[in-house]
Structure formats: structure tokens, C-alpha cells
Amino acid sequence: MPTVCCFPGGVNVWSITPEERGKHDKQFDTLAPILGYVSGEQARKFFLQSGLPASVLADIWNLADMDGDGKMDRLEFSIAMKLIKLKLQGRNLPSALPIIMKQLPASNSGSSFPSSARFGNKLFLLCSNTSPSHSRMGSMPNLSVNLPSMSTMSTMPILTPIQANNTMRPMQPLLPTPMSLSLIHTFGNSGLCNGSISLSNSSSTTSLASNSPKTGTNDWAVPQASRLKYRQQFNTLDKLMSGYLSGPQVRNALMASNLTQTQLATIWSLADVNKDGQLLADEFILAMHLVDMAKTGHPLPLTLPQDLVPPSLSELVNGTSPSVTPSLIDIMETEDKLKENFARGSAELEKRRLTLEQEQRKEREKRAREEKEAHERREREAREQENRRRLEEERWLERQREMERQRNEERLRELERKEVCPSSTENPCVFKNTSYILYHFIYNIPLTIDQSFVTMAAEQEKREQEQREQERKEQERREEERREQERREQERREQERREQERREQERREQERREQERREQERREQERREREEEEARQLRLQEERKARLREEEEEREAQARLRAIQEKMQEEERRRAEEAEQKRMREVEEERKQKEMEEEKTRKEEQERKPQMALNLTTYKALYSFVARNADELSIDADCLIKVDEDTVGEPGWLCGSYRGNRGWFPQIYAEKCTAASAIENAPTSHGSSLTLLARAISSWSASTEAHLKLFSCGDLISVLQQRDDWWLGQINGTQGWFPKSYVTLETKYVALYTYESPEVGDLTFVEGDVVIVTEKEGEWWRGCIGDQTGVFPSNYVRPVEPEASRLGTLAKKPEIAQAVTTAKSPMMHQLGLSPGQLIVVLAKNSTGWWLGELQARGKRRQRGWFHSSHVKLLGPSSCKSSPSPLPVCQVIAMYGYAAANKDELSFSKGQLINILDKTNSDWWKGEAGGVIGLLPTNYVKMTTESDPSQQWCADLMALDTMSPQERKRQGYIHELIQTEETYVEDLELVLEVFYRPMSESGRLTDTEMAVIFVNWRELILCNTKLLKALRVRKKTGGENMPVQLIGDLLASELAHMQPYIRFCSCQLNAAALLQNKTYNTPDFKDFLKKIATNYRCKGMPLSSFLLKPMQRITRYPLLIKNILENTPDGHADRFSLQEALDRAEELCSQVNEGVREKENSDRLEWIQSHVQCEGPIEHLVFNSLTNCLGPRKLLHSGRLSKTKSSRELWGFLFNDFLLLTHSTKPFSSEKLFSFQTSGQLKMYKAPLFLNEVLVKMPPDPSSDEPLFHVSHIDRVYTLKTETLNERTAWVQKIKAASEHFIETEKKKREKAYQARSLKTSGIGRLLVTVIEAQELKACKPNGKSNPYCELTMGAQCYTSRPISDTLSPKWNFNCQFFVNDLYQDVLCITVFEKDQFSPDDFLGRTEVPVATIKKELETKRAANRRLLLHEVPTGEVWVKLDLQLYEPIK
């Protein structure tokens, strides 16, 4: 029993208070109990919200579930809640349940359940198919669930309860043994975006939560692709990660569809399912799906169909009230607050709605009132007009009546007058009758007029009525026309809108087609350029071959000419001898008389010559001495000097000869050698261990007895002593003096190292070969091996040590060979053989050429080269023959090749070649058909039988599991890494062996050192970063394991190889300076030769090392191409490898362009040294790459002046910015780009980037003033040139450069957009949140950086925004990647420094395989992870990773 603990008030700590009972009952009711019980699954979801470990919750379940039936009634649930509360307060769980907790509670009036329901029989079965025998095993529910952290839940603006699912799936019985289940906290598909608590299940097949109910999403009519697409768009718009989008946030996305306001309003009404004025994630997806339906022409439904209702909101639409999921926090209080907030929001919305309706009603009433007033005004005007017309008519009728009365009165007066004065001739009756008629007529006139007026008034009234009726109809007709016109106007606007949409769609389609056409033209242009480059290379190669053939023909012609000249000289000598003999016969008598005298003279001369030779003494120099005039002799330390002690000179000075020069030197600078040391150190003395051999190059006949007797061209002479122009030699047992110009020295030397060179005229050999040296001049000697003759570095060989000089060794029997075939001697140093002749073998070389001495009776013994295929060895020999070199690998020729030099190998397409040596990465030594020579590596490819992958993996079983193509690919990757390591070692060797001694010796100035080595340290930095990246990538996969991805590293690092552009463009100047110093300064030449004797140099001089960067740059495309050719089409690395190949070829093109544009490079170097930069360009390297335009180019420069102040400026227009400078002292244009000038220019204003510049001509271009305006953001510069033509040049070049800059940036953005909008599917997706980085490397002088991160997985790439001036940026950048291969995909996070003037600097990289992410998510929750950045000294990145797989991985 546990110890009883009480609170200070005496209450037992284990007792459950009535308040706690009531609270627990409320929480129990919210779980929707069935028959008074909650299932294990319902309790599991609720208990896991406490944040306690699964093992602790399992112990609490075992204590609370007193009867062990796998479900809980109210008492057991209350006990469990009390135990959870005590555990959260830090108390330990009891080993057994205290008795006080088992007591039944008092009746609670507030409970709505009877005691029988609360504590009755437990008849509910957990699973329909669970047998009673399994009831105990099923007593422990699954406790693995995905929950958001409590901190995230506390910040939710709205808490939407989750619908409880009463239909439970059958649970698998759990083991009764104690379990340790890990809780994986992660966000599901909805996460907390809609303010709800997501209780999603883990996708792991090992999780016990796989039996929990899942919401089916297959019934939703929205396609899965649209859900993923619009879910990503929702995450992009939800920048605050609130889980919902407001109206202004969604407006831009909906307005981009170009739908009408009515359609958009309908879509919003349908999509806002819960009618809260905001769109959750599923509601936003539904809205965008309805937009797609409307754009494709489908009519919008009046009400939302059931198949379009989001599954997460389906029960809300169906009218069922979602049950509130209980929580350990006070959910009821929170929900009351939320209801109050919702009520206040609804009241505010209702208030706003009423206000809007009132304003609309007032607007309608105002409009109706205005229309009524206008109508009344029109009617009033019509009535007034009618009244005026009627008055006018009445006045006209009145005037007509008045005029009629006047006429009648005049008629009456006329009649009365006639009656008073009747005519005498008229009849009185007639007159009387007429008077009566007139009187009657006049009497009836007023009555007639009144009747006419009545008739006219009636007609007028009728006309007015008809007119009013007509006006009414006319007004109705106009109103109808107005409505019709409004309808037509509305239709016209709708038609214009449709037409505008159609034109916009056509414009987009046309832009897309135009973009595709431009892309196709660009590819076509690149293809043509590659073809032209290949044709140019082929043409150059053919020209080189032709030039070599011409040189060979010229040498052969010169050789024939020399042979003819020698023949003519021999003929002339013969004729001279015949003439001399004839003359001697004619004067025979005179010769006899003088015979005694001549004999005496010959004896004197013979005695004098040896005496001269014997009088020479050997001295050894102690110190170096440099001659100051023509009489003095320059000597080197430790050299041997021949001194004639009989010659008398100034005291303290000796007369001697050294290297063919004769002169005086101080006696204290040398000491006399003993006889033994003289013999040991003087290789040219008679009887020494190393006897010099000389081969006659022309015939010679002695004229005196002291001279060497006759020898012919090609004879071998042993040189016993050398003195100036005469040497003492021996041939066929006779000795004598002869001129040294008639012979050439032959000395046997053995090769210390392998020497290979593609240069014409060089002699190549391998270590251990014997070389006959024919000429010594400086550090490059001339020699021959077999049929090959050429020059080679002297420090590659050493003299052959004779067998007799080796102490403690037995003399070996000479090898005897017998000629089996006839061999001609086309060259001077070769032996001509006939079958049966015997040859003593002196040395053997790996090439098959042997050095031997011909043993022919009656003939002088000749030494020379012969091929081993012409002889056979006789009898046993004490020494074994040198074995033929074993092939390193076997290659097959992709193209035919004709040898351009003697040391090269010719072969045909498809021929198999055995590779003997691969030391040189560009030229390999191979053997084909018994012929050995050099061959270019880009003409051959590896065969399957000699797979290079065997060099990186010794596990044959692992190799057998790979395809032949994959083995080749891994072999080429290994070759790339190995050659990169060797190259970096060579770069560092130059710094240690050559640069430091040369700098410390003071023989060169700092400027000269900078010219020779340029930016060697930057090259080391570039390739060291690349090598580190390659090593980290290989280490990530494991030792001797295949490397899956390498293209992204190469593409990233090759983009930062811009130092090679500067180095290669300055290489010609470096070579010229080094050659000039070597030829003009013997001391410097000897110094270089001395430091080159370091064993690490392998005898290579400094000039050979300076060529390695250019050779390495040209090697990258070949290596990457080999890897790409053996990468399958669907491989994740293929896209990155293609990009790396493009960048490598682009880098080679940029280097070649930099070499060709030497003048541009020199000018950039001049600007670098003569322009004082400040501010953002203080550390700018002008002769380098720009940020996005390739190498920086100087487009234009010249003198400018400001208009107002007339201040003189010097402008430099580059392809990325415009730089204005000024000089404190007068500066003439002749001093511009002159390295002799010492003047300095200072920066006038910050550089003007051309993508922000607008250049304008003056308003009056015809003005004589050469002015133009440069607008940059908010400032305008008015500049003046010297001439109008100069102004035109400035304006045109600035415009062209600005347009090119803007177009390049546009293409870059389009490419990034296309890569981002690429639709990809796979087996799952990886959600990545890059939170922040810490302790990054500072790149700016102020110790800050502008970092941004780039995330890649294969071809998928995302880039965050840069953060200014910080080493700890907080990005909070979200993106998602589609997973194609769980075991090959690798997430790569690279941090860069944003730089405006050069490519972005590298701040570190880290990589995480997707398989590692999956493994870690199986054992721990998705929390923030700290990833260290590699290849940099400091830096780390905090990320959050969430892997969601569509299907379980078997």
C-alpha cells in the first residue's frame, strides 16, 4: 500500500474532491460514452493531451482500470484523471491503487446519469470480433498519436472541436507485458491551420496507432494533385501560420482568375462552409477548385454538392453537432470565451451589414427622388409650353375675328353708300332683293363665325389629346430604348471582358510559345556553337598536323642538305689529298732533304702536347665567383676547374678553364684537389670511372702525329680529356687530339622519374629507362632512346653507375644477343643489323629498345640502339631481362587518330589499346599491335573488362550487385575525387616549394611575384572547398560505398571558380616574365633549378606547375561527361550533372574568352591597382565574375564632366555597373591604362547598377552641347562629354548594357519559376522549415553577412530571402519536396552570402539523406533539429523536417 499523504488541511492527497468529481464527469460526458463507458481509443486520445510519456500513461491505465476490461466507467475515468494530475504535479505513482480512490462517490444531483448507468455492468465490447480470451490482452489502448505542442494550441485564435467518430475499427490485442511506446508529435495534413486539434495517426507500420479511425478523403471530388498544389499555395499565403486566410489575403488569388465579381462572390459563398468569413485550408482548396471549374466553362452550383464538401467539414454540413473533444485544459471556459468572441464578431458584422443596407437604401431613395423631380420638371415644362401655345392660338383667333369684323363693317358701309346713291339704270326690284340678301348675309356672319370657332376648339382639343398620347408613347419608347441600351452596354462590357480574357489568354499562350521558341533557338544556337567549336578544334588540329608535317619535311630537307654538304666536303677533302699527294710526288726530292728536319719538328710537337696536358691541375671551387670583366672566370661552388699553374699572373689569382671558358679567379675561392678526388669528381679525366663517349658527326683525318688518326662519321670515340676546343680521345687502341666540333657527346644516364610531354620535340621515357645524352645545355638536355630523339629536363636523370664502381657487388656476365632479322639504321644512334651478328646488351628500356655494342670481326665496335624484336638472347644470363610493363587497364578507341609526333600512337576506331601509364590526365601511354606511344584520353573510353570502378571498391561481392553502367559511373566518380586530391596537393606544393623560397630570397619584387603567381592562393581555396565537399559526400555514403549524388556539388562549386578566369588571362604575362628572368639572370636560373630538385617535384620545373590550372579546368568537362554518360535517364543526379557539365563548359568558354580578351584583362588589372574603392566595393575584384552576367567586361571609358560644377570625372562602364571616379591631380587621357603612371583615381559616387539605370538624351538632341542624363532611382546625373560622337557612344552602350542586364535577370527569374512550378509525383513528400542559422562565417569587413539558404533535392530547388547584416538569420522558410527514391534522395541545405558584385559566397553546406530522416522520425517526434554546416569552420542551421509517405515502404 502506498504511503498516505495529506495536505496541510488534513485532506488525503489521493482523495478526489466533489468539485474534481464534477469536472471529471463533465469531461467524461464530452467523450460521448456508450452505455456509461468510454473505450480505450477514446481515452487514449484524451490522456495523450497531458504530454506524459506513453509508459507513464500505461501505468496509470493499469491502476485505474480496476477490472481490466479495457474500458472505463465514470469512477475509473475520475481515478485516471486524478493520477494524471498528481503525476503532472511531480508526485510518483503508487504501486497499488489507494483504497480511498476506490470508494464510490456520494450521489451527485448535478449528474444526468443514474448510478446504474454510471457504475453498472460493463457489457460493451471494445471490438466486435474480440473474444473473451483476448479481453485482458486488449486492456491497454494504443497510446501513439500525433499532437501539436501545447504552446501551439494556446496561440490558436479559434478552437474548432473535432467530430468524434463512433464507428470504431477493431483494435488488435495488445501484449500484457509493459510497453514503451514513443509519442510522435507532429502536424498532420491540416495541422493547426484551421484552429482544430489534429489527432492524426503515424504512417509507420510498427506504430500501434495504425488501428485508429481515419477520415476518408477518397470521396472528395477535388483531385489529389489539386489538393497538394493549392495546399502549398495556402501555406505560401498564410505567412503568419494562423491556419486560415482572411478576405484580403484570398482576394489577390481569386482576382488572378479574371472571373467576374458575381462569380467570385458565388465561389466565396460556396467555399465558406462554416460561414465564419475566413477560409480554412480545405475551404481554400475548394474555392480554387471552383475557380478552375468556372474557368473551364462549367456552371457553378447554387448549393454545394455533397461530393465537394471537405471531409473535415462534412458533419457540419450534414447538420450533426460535432462533439467536443475533451482536454486537460479548461475547454469549457475557452469555448465560452470563443462563443462570446464569435457573438461579438457576429454583432459587429450584423451592425456593419445594417449600416451598409441603410446606406444603400438612402442611395436608392435619393436616386428615386431625383428621378421623380426630373419627371415632374419635364411635365411642368410641357404644360407651360402647351399653355403658351394655346394662348398664342387664342390671340391669333381674336385677331382673325377682329379683322373679319372690320371687313364686314367695310362691306356694310360700302352697301349703305351704294344704297344712298343707286344707279338710275338699275331695276328697283333687283336692288331691293339684293339688299335683302346682303342684309341676311351680314346678319348670319357672326353666327357662322361662332360655329367655326366651336368646331376649331373641338378639333384643337382633339389634337392636343392625341399629342399628349403620342408624347406618352414616345416617353415609354425612349425609356424602353434606354433600358435596351443599358442591356446592350452591359452585354458589350461582358463581351469586352470575355474578349480581353481571350486576348490575355492568347497573349500568355503566345508568350509561352515565344519563350519556347527562344529556348529552342538558344539550344540550336548552342548546338551550332558547339559544332563550330568542334569544327574549329578539328581544323586547328589538322593545321597543327600539317604544320608538324611541314616542319618534319623541313628537318628532313635540312638533314639531306647537311648530308649533301658533308659529301661535298668529303669530296673536296679527297681531291685536296690527291692534289697534295701529286704535289708531294713532284717535290719528293725536296721532302727527302727536309725529312730529318720535319722528323725533329714532329718529335718536339709530340713532346709539347702531352706536357701541356700534364701541366693542368684540378681545383675544386669553395665559393661561387661572378666575373666582373672579360678577363675573369665565373665559377660555381663545388665545381672542378682545370688550372694551368705555369701561367704567371697577379699574386692571389689563378688561370683556369671551366665550362669552355678561360680566365682568372681568386686563389682563395678554390682549393687543389688530390689525385683520388680529382679522379672521383672529374668525369672527363682519363681513367675515371665515368668515361665520356663521343660520336663523330663528320669524318676527320690527322694532319700531325699528335692528332687522332682517321675516324668516320658515326664512329664512337672515348673522350679521355677535354681542353678548350681540343679533346684527347681514343679509338681502336690509338689516342690523339681532335677538334670537339667534329663530335657530339654521348653519355649513358638512367631516368629517375617518368617524363611525358605532348610538346613536339620532347623525349619521353619512364622511370628506369637508359638515355644516351648527346647535348647538354642549361637545364634541358638532348638525348636519344632508340628511334626517338628530343629534349628533356636534366633533373629527371642521373649518370649510370658502372658495375665496377659498386663496392661489394659481383661483376655480371654481359648478355649476348644474336640478330635474327635484318635491321637498317635510319638514324645516327641506331645499329644496323644482319642475321647472325652478335651484340653485347648494355641496357634495356621498357619501350623495347635496347642499347648494345656490335661484335663484328674486322670492324670497329659500334654502340647504338636496336629493337628487341630483331634479336634473341643466347644462353643463360646472370641478370633477368626487364619484364614488359603490365597494362593498367584496357580502353577502346571511340575515334580514329593519326600520330602527329613520333612519340604518339596511331589507332583506328574500335581498336583495343592496353594502357601502360595514366600519370598524365590528358595523354596516356598505351600499346596497340606491339607499338607503344602516347594517345589523347578524350579519344578513348574504358571497356567493361577493365572497369575503373575496381579501383575504389575491393569488395567484389558488392561490385557484382551493381550493373556495369553503375560500376563505370562509380569508377569515374572515384577518378574525379582522386585526381582532385592530386591536383590540390600540386597547388599546395607550389606554394611551399617555389613561392616561399622565391619570396624569402628577395630575387623578385612583390610586383613580379604577383605577376608570376597571380592569385594562386585563391585557386587553392576554390579547389580545397570542392575537395572538402566531395570528401563529405563520400563520407556520408560510407567508406568504399557508392556515391549516389555528386552533380549538385559540382554545379554549386564550379559556379565559384571565377579566380581561374583571372589566373589564366594573366598566364601569358607570367610565362613571359619567368622566361625573361631565367634567360637574363643566370643566378635566378640556378636558384630555380636548385629548388626544383625537391623530391616532391619529381623533377618538374616551375613552368610545368604553372600550366596545371589551365589543364585542370579543361579536364572538368571530360570527367563530368563520363559520369553523365553512365548515369541512367531517370536517375536523380542526371539533371544536376547536366547543369554541372554546362557550367564546366561555360567556365572553359569564359577562361578562353578571358585569354582572348587579354587587353580587357589588362585594363581591369590597371583599374584594380589605380582606382581607390570605398564602401561596398572596397574589396571588389574587377577581373572576376559578375553576379549573373559571367566575366566582368570593360565596355567603355573616358573623360566626363558635371554640367553644373564642371568637375572632371572619369567614367568606367562595365557590363554590370557604371563607376564614376575623379582625380585629385590633373590626369590626362594618355595616362589611362598606362602601367607607368603613378596617379590614383578615387570613387566619386557609389556604383550605378545598370538594371536600375535609365539614360536619356537632352530634350533638344540637335543642341551643340554634348549632354546626356543618367537616372538612378531617385537621382539624376547630368554629364557632359567632349564631343557629340562621344556622347552618342556613351548613351548607346549604356542602353545596350542595361537592356542585356535586365533581360538576363528576367530569364533567371523565369527559370526559377519554371523549376518551382514543376509538377512532380513520387512516393511521398518532405516538409522542410528552415528556422534559423547561427554562428555563420563573416564575409563583410564589418563582421556581418547577408545570408540566404538554398534547399535542393535533385532537380527541385527553393531559395529563401536574404537577411541583411547578420550572422544569425531567422528565415522561417517553408517548402516541400517530392520524394522519388527513399534511399537515394538527399536533402541538401547550402548557405550563401548575397553579393551584388560577384557570385554569392559559400557559407557552408549540410546534407541529410531521406532514409536517415525516416529512421529518426520512427524513434522520435518531429522536433527542431540542429545541423552543422560542413566545409566551413563554423555555422549551424536549425530545421524542422516532416516526412509523409503516400504508401508504406516494404
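Worth saying up front: this structure is predicted, and the values here are computed from it rather than measured.
Nearest heavy-atom pair across Leu279 and Phe234 is O-CE1, 3.8 Å. Considering all non-hydrogen atoms of both residues, Arg1134 and Pro1128 come closest at CD-O, 3.3 Å. Closest approach of Asp272 and Gln278 over heavy atoms only: OD1-O, 3.3 Å. Between Thr1127 and His1131, the closest heavy-atom pair is CG2-CB, 3.5 Å.
Environment of CD in Gln490: sparse, with no more than 12 heavy atoms of neighbouring residues, nucleotides or ligands closer than 6.0 Å. Other residues, nucleotides and ligands contribute only 12 or fewer heavy atoms inside 6.0 Å of the CG atom of Leu302. Surrounding CZ of Arg352 are at most 12 heavy atoms belonging to other residues, nucleotides or ligands under 6.0 Å away.
Of the N and O atoms on the side chains of Asp282 and Ser312, at least one donor lies less than 3.5 Å from an acceptor on the other residue. Gln263 and Thr260 share a donor-acceptor pair across their side chains, judged by distance under 3.5 Å alone. A donor and an acceptor atom, one from each side chain of Asp238 and Ser242, are located under 3.5 Å apart.
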Trace of the side-chain contact (heavy atoms from CB on, under 4.5 Å) decision for Asp1385 with Phe1377: CA-CA 10 Å; Asp1385 287 350; Phe1377 296 93; over 6 Å; no
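Between Phe1373 and Tyr1348, the ring centre distance reaches or exceeds 6.0 Å.
Test Lys1415, Lys1414, Glu1416 against Thr1412 for side-chain contact (heavy atoms from CB on, under 4.5 Å) and you get one pass: Glu1416.
Remark: side-chain polar atoms of Tyr230 are not paired, donor with acceptor, to backbone N or O of Leu286 under 3.5 angstrom. Counting only distance, with no hydrogens or angles, the side chain of Thr1406 and the backbone of Ile1389 share no donor-acceptor pair below 3.5 Å.
Asp292 and Lys229 are not joined by a salt bridge, as no carboxylate oxygen comes within less than 4.0 angstrom of a charged side-chain nitrogen. A salt bridge links Arg497 with Glu494: the distance from a Lys NZ or Arg NE/NH1/NH2 to an Asp or Glu carboxylate oxygen falls below 4.0 Å.
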